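Each chain gets a letter, A, B and so on, in the order the sequences are listed, and its residues count up from 1. The shown structure was predicted, so the numbers you read here are calculated from the model rather than taken from an experiment.
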Protein chains: 2
Amino acid sequence: MPFEYEYARPALTTDSVVFGLDDEDLKLLLIRRNLPPFEGGWALPGGFVRVGESVDEGARRELDEEAGVRVSFLEQLYTFGEPDRDPREHVVTVAYFALVNLIDHPPVAATDASDAAWFGLADIPELAFDHKTIVEKAFERLQGKLRYEPIGFELLPTKFSLTDLQKLYERILNRELDKRNFRKKVIAMGILRDLNELQQDVAHRAARLYSFDEPTYRKLQKDGFNFEL
Amino acid sequence: MPFEYEYARPALTTDSVVFGLDDEDLKLLLIRRNLPPFEGGWALPGGFVRVGESVDEGARRELDEEAGVRVSFLEQLYTFGEPDRDPREHVVTVAYFALVNLIDHPPVAATDASDAAWFGLADIPELAFDHKTIVEKAFERLQGKLRYEPIGFELLPTKFSLTDLQKLYERILNRELDKRNFRKKVIAMGILRDLNELQQDVAHRAARLYSFDEPTYRKLQKDGFNFEL
DNA sequence: TCAAAAGTGTTCATCTTACACCCATGG
DNA sequence: CCATGGGTGTAAGATGAACACTTTTGA
């Protein structure tokens with residue numbers, strides 16, 4: 001036992017709630033635990049923070065190691081510090097909230113032994129520790145942020161139709177939106193670039209394709225513009 | 001050195017940004033450090049999280065021990081985990097954001113040797129570690145939350161006038177508000193109880209006093225009402 | 001020619017903003 | 001009687017919500 005301290009220290013981990021959109025369905029990334037406790041059960045990807053790496057780096061490293069996932073969006077969610085949340089000892093976890101684009105970057109096989117899998121939000125199995133609470137909090141955050149920040153684009157392919165975008169909002173917010181009003185609002189914001197391209201190989205009238213114009217968004221944001229949908 | 005672990009662990013602390021309103025000026029609570037590093041300098045109240053206590057409890061305990069302050073509102077702000085934020089070693093801190101009512105509960109002398117003091121936001125001295133960053137983030141949070149959650153009342157005495165409330169908003173948001181529109185909006189929300197009392201000992205027409213009607217607020221909130229000012 | 005989704009404007013109600021004067025009180 | 005802040009309404013503009021039909025394309 002080479003590491004000694006004058007006072008007892010809680011262990012420090014990260015756990016990440018990674019959402020992805022797969023064929024227009026919202027999915028959650030889980031890994032199967034191959035160690036006790038909860039051996040064989042499903043849990044959020046995560047692990048111990050190393051001394052000398054930032055907590056954010058730790059979260060990214062664990063995602064890469066456990067699931068081979070490079071996320072496009074990662075932010076802190078909340079720190080869970082109840083002493084009994086891990087049966088072994090006092091483990092404080094910094095939870096993260098992440099979005100990946102499963103369409104442009106489809107998942108590859110997990111790099112180490114543990115297997116990783118994507119679950120529809122309705123089909124989430126029992127989770128280890130307090131991970132259910134963490135997932136719930138992350139989903140609330142996703143719903144909240146979606147309306148006030150342009151994070152939905154992180155889940156879509158670079159080129160998308162207005163209907164794709166609307167479906168995304170409807171699925172995550174869990175309510176229907178008016179097509180005309182939605183289009184009016186999103187176009188009026190001026191943060192979409194019309195690519196003058198059409199969908200290919202669809203059995204109906206092809207939709208125009210757009211991309212998120214991030215530079216323009218940043219410019220508008222500086223001038224006090226607020227995204228809201 | 002009685003505590004040994006198989007892997008190195010970062011230290012875990014809390015730091016709290018406590019705001020109070022004093023004679024209608026927003027103040028920040030700081031303590032003077034009596035140990036290196038930054039000995040004699042000002043810093044946020046906080047300290048090590050003990051094994052077996054929740055991180056929230058740790059934050060409250062440190063506030064009580066270092067400044068004798070019982071806060072009415074405390075919530076997590078952010079976890080700062082850069083490995084170089086403390087010159088001694090890797091210290092991860094869970095930062096908290098707290099509000100106290102300095103008018104109904106004026107500060108008492110600090111309980112232990114360290115001295116605590118309230119600083120106007122414009123007069124904040126140099127701070128130890130990355131505490132300046134933490135304070136900035138907390139102030140942004142205060143400004144953001146103030147508009148969408150009824151947290152301003154935590155800073156006011158139980159009985160206040162509409163002008164008191166408006167001044168609070170103007171000071172924190174740093175812009176002027178229209179008196180008539182402000183009153184219309186806040187009255188229309190139906191979350192203020194008119195106490196049918198008047199200010200005493202003022203050298204002008206006395207204002208009506210109100211209190212925040214929290215039960216009604218909670219009821220409205222359940223029915224999907226959203227506070228916004 | 002049919003099915004399936006794309007695309008497009010107007011109206012009404014609501015909310016937001018701007019704005020100025022009289023009132024009550026104590027000194 | 002004057003200085004100080006308390007208290008009040010209206011009109012114009014902006015925003016949000018409801019709503020239905022025509023167009024394009026491939027099968």
Side-chain angles (χ1 to χ4, degrees), chain A residues 21 23-25 103 146-148 156-157 159-171 173-211 220 223-229, chain B residues 21 23-25 103 146-148 156-157 159-171 173-211 220 223-229:
Chain A
L21 199 71
D23 295 325
E24 306 206 336
D25 240 10
I103 302 150
L146 192 64
R147 305 211 37 218
Y148 303 110
L156 287 176
K159 302 176 177 187
F160 53 85
S161 70
L162 294 181
T163 301
D164 291 340
L165 186 62
Q166 185 179 343
K167 285 248 166 68
L168 165 73
Y169 273 79
E170 290 181 333
R171 269 165 226 271
L173 298 179
N174 208 23
R175 63 194 167 92
E176 303 209 325
L177 300 172
D178 180 272
K179 182 161 68 161
R180 279 175 288 192
N181 292 337
F182 182 84
R183 283 163 184 245
K184 245 180 296 176
K185 208 163 174 180
V186 72
I187 294 290
M189 281 196 285
I191 57 170
L192 292 190
R193 192 190 351 261
D194 183 341
L195 298 172
N196 286 309
E197 277 180 66
L198 297 179
Q199 282 178 328
Q200 301 297 324
D201 304 317
V202 287
H204 53 77
R205 176 172 177 180
R208 300 185 77 79
L209 296 179
Y210 295 82
S211 70
L220 288 171
D223 302 345
F225 160 85
N226 274 314
F227 180 91
E228 185 176 349
L229 262 181
Chain B
L21 199 71
D23 295 325
E24 305 204 339
D25 241 10
I103 301 151
L146 192 64
R147 304 212 37 219
Y148 303 108
L156 287 177
K159 302 176 178 187
F160 53 84
S161 70
L162 294 181
T163 300
D164 291 339
L165 187 63
Q166 184 179 342
K167 286 248 165 70
L168 165 72
Y169 273 78
E170 290 180 334
R171 268 165 226 273
L173 298 179
N174 209 22
R175 63 193 168 94
E176 302 209 327
L177 300 172
D178 181 272
K179 184 161 67 161
R180 279 174 290 192
N181 293 338
F182 182 84
R183 283 162 185 246
K184 244 180 298 177
K185 208 163 174 181
V186 72
I187 294 290
M189 282 196 284
I191 58 170
L192 292 189
R193 191 188 353 262
D194 183 340
L195 298 172
N196 286 309
E197 278 180 65
L198 297 179
Q199 283 178 329
Q200 301 297 323
D201 304 316
V202 286
H204 53 78
R205 177 173 175 181
R208 299 186 77 79
L209 296 178
Y210 295 82
S211 69
L220 288 170
D223 303 345
F225 160 86
N226 274 314
F227 180 92
E228 186 178 346
L229 262 180

Working to the nearest 0.5 Å, report the span between [atom1] of [X] and [atom2] of [Y].
{"X": "A/K159", "Y": "A/R193", "atom1": "NZ", "atom2": "CZ", "answer": "11.0 Å"}
{"X": "A/T163", "Y": "A/F182", "atom1": "OG1", "atom2": "CZ", "answer": "9.0 Å"}
{"X": "B/M189", "Y": "B/L220", "atom1": "CE", "atom2": "CG", "answer": "10.0 Å"}

Give the rounded distance in Å between these two atoms: [atom1] of [X] and [atom2] of [N].
{"X": "B/L165", "N": "D/dG7", "atom1": "CG", "atom2": "P", "value": "13 Å"}
{"X": "B/D164", "N": "D/dG7", "atom1": "CG", "atom2": "P", "value": "10 Å"}
{"X": "B/Q199", "N": "D/dG7", "atom1": "CD", "atom2": "C1'", "value": "13 Å"}
{"X": "A/F182", "N": "D/dC19", "atom1": "CZ", "atom2": "C1'", "value": "18 Å"}

Base-contact (B) and sugar-phosphate-only (S) positions in nucleotides 9-18 of chain D, heavy-atom cut-off under 4.0 Å, - elsewhere: BB------BB
So what does B/R183 touch, heavy atoms closer than 4.0 Å: a base, only the sugar-phosphate, or nothing? base
Is it true that a side-chain atom of [X] and a backbone atom of [Y] form a donor plus acceptor pair closer than 3.5 Å?
{"X": "A/Y169", "Y": "A/L146", "answer": "yes"}
{"X": "B/D164", "Y": "B/S161", "answer": "yes"}
{"X": "A/R147", "Y": "A/E228", "answer": "no"}

Chain A vs DNA chain C, heavy-atom contacts under 4.0 Å, first-to-last nucleotide span, 5' to 3', is C/dA4 to C/dT10
Nearest nucleotide by nearest heavy atom, which residue falls closer to the 5' end of DNA chain D, A/R205 or B/K179? B/K179
Judged by each residue's nearest nucleotide on DNA chain D, which is more toward the 5′ side, B/L162 or A/D201? B/L162
OP1 or OP2 of D/dG6 versus the side-chain N and O atoms of B/T163: is any pair under 4.0 Å? yes
Minimum heavy-atom distance B/N181-B/K184, with the two atoms named: OD1-NZ, 3.1 Å
Give the minimum heavy-atom separation between A/N196 and A/R208, together with the two atoms involved. OD1-NH2, 2.7 Å
Candidates B/L162, B/L156, B/L195, B/L165 - the one meeting side chain to side chain contact (heavy atoms under 4.5 Å, CB included) with B/Y210: B/L162
